[in-house]
> 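Take a look at the following structure, please.
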Amino acid sequence: MSTNQKISALLSHLAAGIDLLGKGSFRASGHRRAARLLNGLELDVADIVNNHPEDAQQRLEQIEGIGKGTAKRIVEYVTTGSLAEHQKMLEQVPASVIELLEIPGLGPAAVRTLWREMQIESIDDLKRQLDTDADALASLPRLGKASVEKIRRAVDFRTKTSGRIQLGRALPFGEQLREELREVPGVLQVELAGSLRRGRDAIGDVDLLACCADPEALRSRFRELPGIADLLSDGDSKLSARFDAPGGGGVQVDLRIVPRESWGAALMYFTGSQDHNIAMRGRASRRGMLLNEYGLFERRVAEQQGEDEGSGGKAEAGDLVVGDSETAIFEALDLEPIPPELREEAHGLEPVPDDLVTLEDIDAELHSHTTESDGRLELEELARHAIELGLHTLAITDHSQSSALAGGLEPDRLRRHIDAIRELDERIPELQLLAGSEVDILPDGSLDYEDELLVQLDVVVASPHAALDQPPDVATERLLAAIRHPLVHIVGHPTGRIVGRRRGLEPDMTKLVQAAAECDTVLEINANPRRLDLRDSHARAALSAGCKLAINTDAHSTRHFTLLRYGVLTARRAGLTRKDCINTWSPQQLRTWLEEKRR
DNA sequence: GCCGTTTTCGGCCCGACTGTTTTCAGTCG
């Protein structure tokens, strides 16, 4: 974890403690806001504190959203390694009590009651109480039989699933539900919303938005969807259920039914992010308008009755300006439409480059495997498939010798493989076939083949595969060595993380992206949804340092080519444009770069 | 906690749904 992330986690935790102690919910949400901001911040606050010890506090306060309090806490954490206020909070609230807030349906008030009235201090305590004497729980103030059953189901659900779901599983699942609902007679629109629409690498639940001439037909179809396990709420405009997700585990799905005239406002509202919505509302407000999930309205100040007169009325919605289309709302607020992927705090309401990369722009795959190492397809099958997909360039990059389990090639076998690739390239003029290798970056930063062999390859993708739990400073040097190696073109899945499973390397990204920009070495966004590595925030940092990026599927089979869209979503979240994405280049432009990079 | 062409103090997104109440608090997104 970077320092930013560590402080962010501490502030979130502190916020939860403040909530439980009842010490002001606005203070708590202020901490949460600062935590979110730090998490998405490109620059490293530790650098600011270390490089400018005399005026670090003032420099930090320059950052929008960081005030005196947070600046002070950042300095304290970087210089001492802890936060006194957080320690003090932990003396009053056990960490295991804070964990209870992770159970859906349990908020600060309920957790406080469980803790104070029944000495329930952990999820295990809660499970035990549910098993032995659930009635005692039901007798607590503002609880009851129905609430307790809800909590029981939520606790069971939690033990079955591990939090967020990878985008690669959630998106096809959400799309399938969307198609089922689109078949309901009278349906006008059904769309995915939430973090799924924004293309985040992992999502907490699936949000669906619909409008329909016959809402009851839609509601009853939803209640009967295959895989539904538990209907959580069942109102006129909002239904919510837990589903058994494909491949085990479960996922919560929310369906909201909105009036047609509010479609755009509702889609915008439920797509988020929260920070984006707040920024949009703020912009509307400054322009004398009011934005909510029903539309963009003229703002009218309500006349106050009686004694309150003169104390300033509450703003309320006047005439509808626009509501049925997202684009129209952006335009009414003098903004170019912002695609869902960029509706995050890191992007703000900045203009969007008009050549933001799209799936259709990608014409080259620069990282793929054949049966020669651990791929499923023979060389020629793979090449033919690439042609069917309309690619003009395919790099064959089988594993190097150290990846023994993946059938990595010893030097002699690689030499023969290069010959086979070149021979095939001659035979199929419609595809530019590149002879490459995915060379292991060994733990010490050296590469898995001698330069004499590497130089014979058209393209070298260097990737870390082992020792992925190295300390950050060792990982930084290891990856820097690969980035600076004159024969390396691309660094593949640079951190080796697996979404939600393996943290992977945690190098100093600022140093890596600077070096990559200087050496003209390309960093990969590995499109496999298990990886999505570089992740969005790292890719954004790379772009602002002036790096070029590749989006590769790392294909081991035909199915893997379909994963490209996840890489593109991640790239768009970082703001990647066509010109900075080498997979969009022409065959000649690519060939020229590959050769000139080595001069 | 943060912020300021409505404010340096007093606001902070706000509506739907549920369950426990008997008019509303808590939770969620």
Side-chain angles (χ1 to χ4, degrees), chain A residues 10-12 14-19 22-38 60-61 63-74 83 85 101-114 138-151 154 193-196 203-209 231-241 252-258 262 265-266 268-288 290-294 297 299 301 310-317:
Chain A
L10 277 177
L11 291 178
S12 302
L14 181 56
I18 291 169
D19 267 339
K23 288 189 174 172
S25 61
F26 284 117
R27 239 181 96 223
S29 61
H31 280 303
R32 280 198 188 92
R33 209 184 120 68
R36 276 203 308 277
L37 186 129
L38 275 170
L60 290 166
E61 282 179 44
I63 301 170
E64 174 95 25
I66 292 184
K68 262 191 160 42
T70 306
K72 227 174 88 190
R73 287 180 183 82
I74 292 170
L83 280 186
E85 200 184 347
L101 290 169
E102 291 169 21
I103 308 277
L106 285 186
V111 170
R112 209 179 309 146
T113 307
L114 292 174
S139 67
L140 291 170
R142 296 214 69 85
L143 284 172
K145 269 205 152 45
S147 303
V148 169
E149 278 319 299
K150 222 172 136 179
I151 293 169
S195 51
L196 199 48
I203 60 108
D205 57 14
V206 173
D207 291 301
L208 284 159
L209 195 69
L231 193 62
L232 300 171
S233 70
D234 190 10
D236 285 343
S237 65
K238 183 188 168 191
L239 293 90
S240 183
Q252 181 169 328
V253 179
D254 295 333
L255 170 67
R256 288 182 180 79
I257 303 170
V258 301
S262 302
M268 177 177 278
Y269 182 84
F270 290 112
T271 296
S273 65
Q274 200 182 9
D275 288 310
H276 175 80
N277 287 352
I278 289 170
M280 289 292 285
R281 275 166 196 274
R283 190 177 177 93
S285 171
R286 283 190 297 277
R287 279 151 203 262
L290 191 111
L291 177 64
N292 59 27
E293 62 263 54
Y294 297 104
F297 300 89
R299 193 171 43 176
V301 175
S311 66
K314 192 176 159 59
E316 63 174 41

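What you see is a predicted model, and the numbers here were worked out from it, not measured in a lab. Throughout, protein chains are lettered first and strands after them, A, B, ... in sequence-line order, and every chain is numbered starting at 1.
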> Determine the contact category for A/Arg281: base if any of its heavy atoms lies under 4.0 Å from a base atom, sugar-phosphate if only primed atoms, P, OP1 or OP2 are that close, otherwise nothing.
base

> For A/Gly65, report the nucleic acid contact type (base, sugar-phosphate, nothing); a contact means any heavy atom under 4.0 Å.
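Sugar-phosphate contact only.
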
> Given that A/Asp254 and A/Gly144 both sit by DNA chain B, which one's nearest nucleotide is further toward the 5' end?
A/Gly144

> Taking N or O atoms only and anything under 3.5 Å, show me the protein contacts with nucleotides 16-18 of chain B, one pair per line.
from	atom 1	to	atom 2	distance (Å)
B/dA16	OP1	A/Tyr294	OH	2.8
B/dA16	O3'	A/Ser237	OG	3.0
B/dC17	OP1	A/Asp236	N	3.2
B/dC17	OP1	A/Ser237	N	2.6
B/dC17	OP1	A/Ser237	OG	2.9
B/dC17	OP1	A/Lys238	N	2.8
B/dT18	OP1	A/Asp234	N	2.4

> Using atom C1' of each nucleotide, how far apart are B/dT5 and B/dG1 to the nearest Å?
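Per the computed distance, 24 Å lies between those C1' atoms.
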
> Expressed in whole Å, how much space separates the C1' atoms belonging to B/dC13 and B/dT27?
15 Å

> Would you mind classifying the nucleic acid contact of A/Arg286 as base, sugar-phosphate or nothing, using non-hydrogen atoms under 4.0 angstrom?
nothing

> Between A/Arg33 and B/dC3, does any side-chain N or O lie under 4.0 Å from OP1 or OP2?
no

> From B/dG1, B/dG19, B/dG29, pick the nucleotide closest to the side chain of A/Ser147?
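Selected nucleotide: B/dG19.
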
> Select base, sugar-phosphate, or nothing to describe what A/Ala146 touches, counting heavy atoms under 4.0 Å on all strands.
sugar-phosphate

> Are A/Asp275 and A/Arg33 within salt-bridge range, i.e. N to O under 4.0 Å?
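Salt bridge between A/Asp275 and A/Arg33, a charged N being under 4.0 Å from a carboxylate O: yes.
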
> What does A/Arg287 touch in the nucleic acid at a heavy-atom separation under 4.0 angstrom: a base, only the sugar-phosphate, or nothing?
nothing

> Distance between the P atoms of B/dT20 and B/dG15, in whole angstroms?
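25 Å, rounded to whole Å.
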
> How far does the C1' atom of B/dC14 sit from the matching atom of B/dC9, given to the nearest Å?
23 Å

> Over all strands shown, is A/Ile66 touching base, sugar-phosphate only, or nothing at heavy-atom distances under 4.0 angstrom?
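The answer is sugar-phosphate, as A/Ile66 gets under 4.0 Å only of primed atoms, P, OP1 or OP2.
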
> Need the pair for B/dT18. Rule: Watson-Crick or G-U wobble, both distances under 3.5 Å, any strand; none if unpaired.
B/dA25

> Looking across every strand, which nucleic acid part, if any, lies under 4.0 Å from A/Leu143 by heavy atom: base, sugar-phosphate, or nothing?
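The answer is sugar-phosphate, as A/Leu143 gets under 4.0 Å only of primed atoms, P, OP1 or OP2.
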
> So, does A/Thr70 use its side chain to make a donor-acceptor pair with the main chain of A/Gly67 at under 3.5 Å?
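No: the side chain of A/Thr70 does not pair with the backbone of A/Gly67.
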
> For A/Lys145, report the nucleic acid contact type (base, sugar-phosphate, nothing); a contact means any heavy atom under 4.0 Å.
sugar-phosphate

> Taking the same atom, P, in B/dC17 and in B/dC12, what whole-Å distance lies between them?
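Going atom to atom, P in each nucleotide, I get 24 Å.
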
> So what does A/Asp205 hit on the nucleic acid, given a heavy-atom distance under 4.0 Å: a base, only sugar-phosphate, or nothing?
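If one applies the 4.0 Å heavy-atom cut-off, A/Asp205 turns out to touch the sugar-phosphate alone, with no base involved.
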
> Kindly determine whether A/Glu85 and A/Arg27 satisfy salt bridge (Lys or Arg N to Asp or Glu O under 4.0 Å), including the steps that lead there.
CA-CA 13 Å; A/Glu85 200 184 347; A/Arg27 239 181 96 223; 2.9 Å; yes

> Which residue lies toward the 5' end of DNA chain B, A/Arg256 or A/Ser285, if each is placed at its nearest nucleotide?
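Residue closer to the 5' terminus by nearest nucleotide: A/Ser285.
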
> Using a cutoff of under 3.5 Å, can you pull out all pairs of nitrogen or oxygen atoms linking the protein to nucleotides 23-26 of chain B, with atom names and distances?
none

> Sequence neighbours excluded, which residues qualify as side-chain contact (heavy atoms from CB on, under 4.5 Å) partners of A/Gln252?
A/Asp205, A/Leu232, A/Ser240, A/Asp254

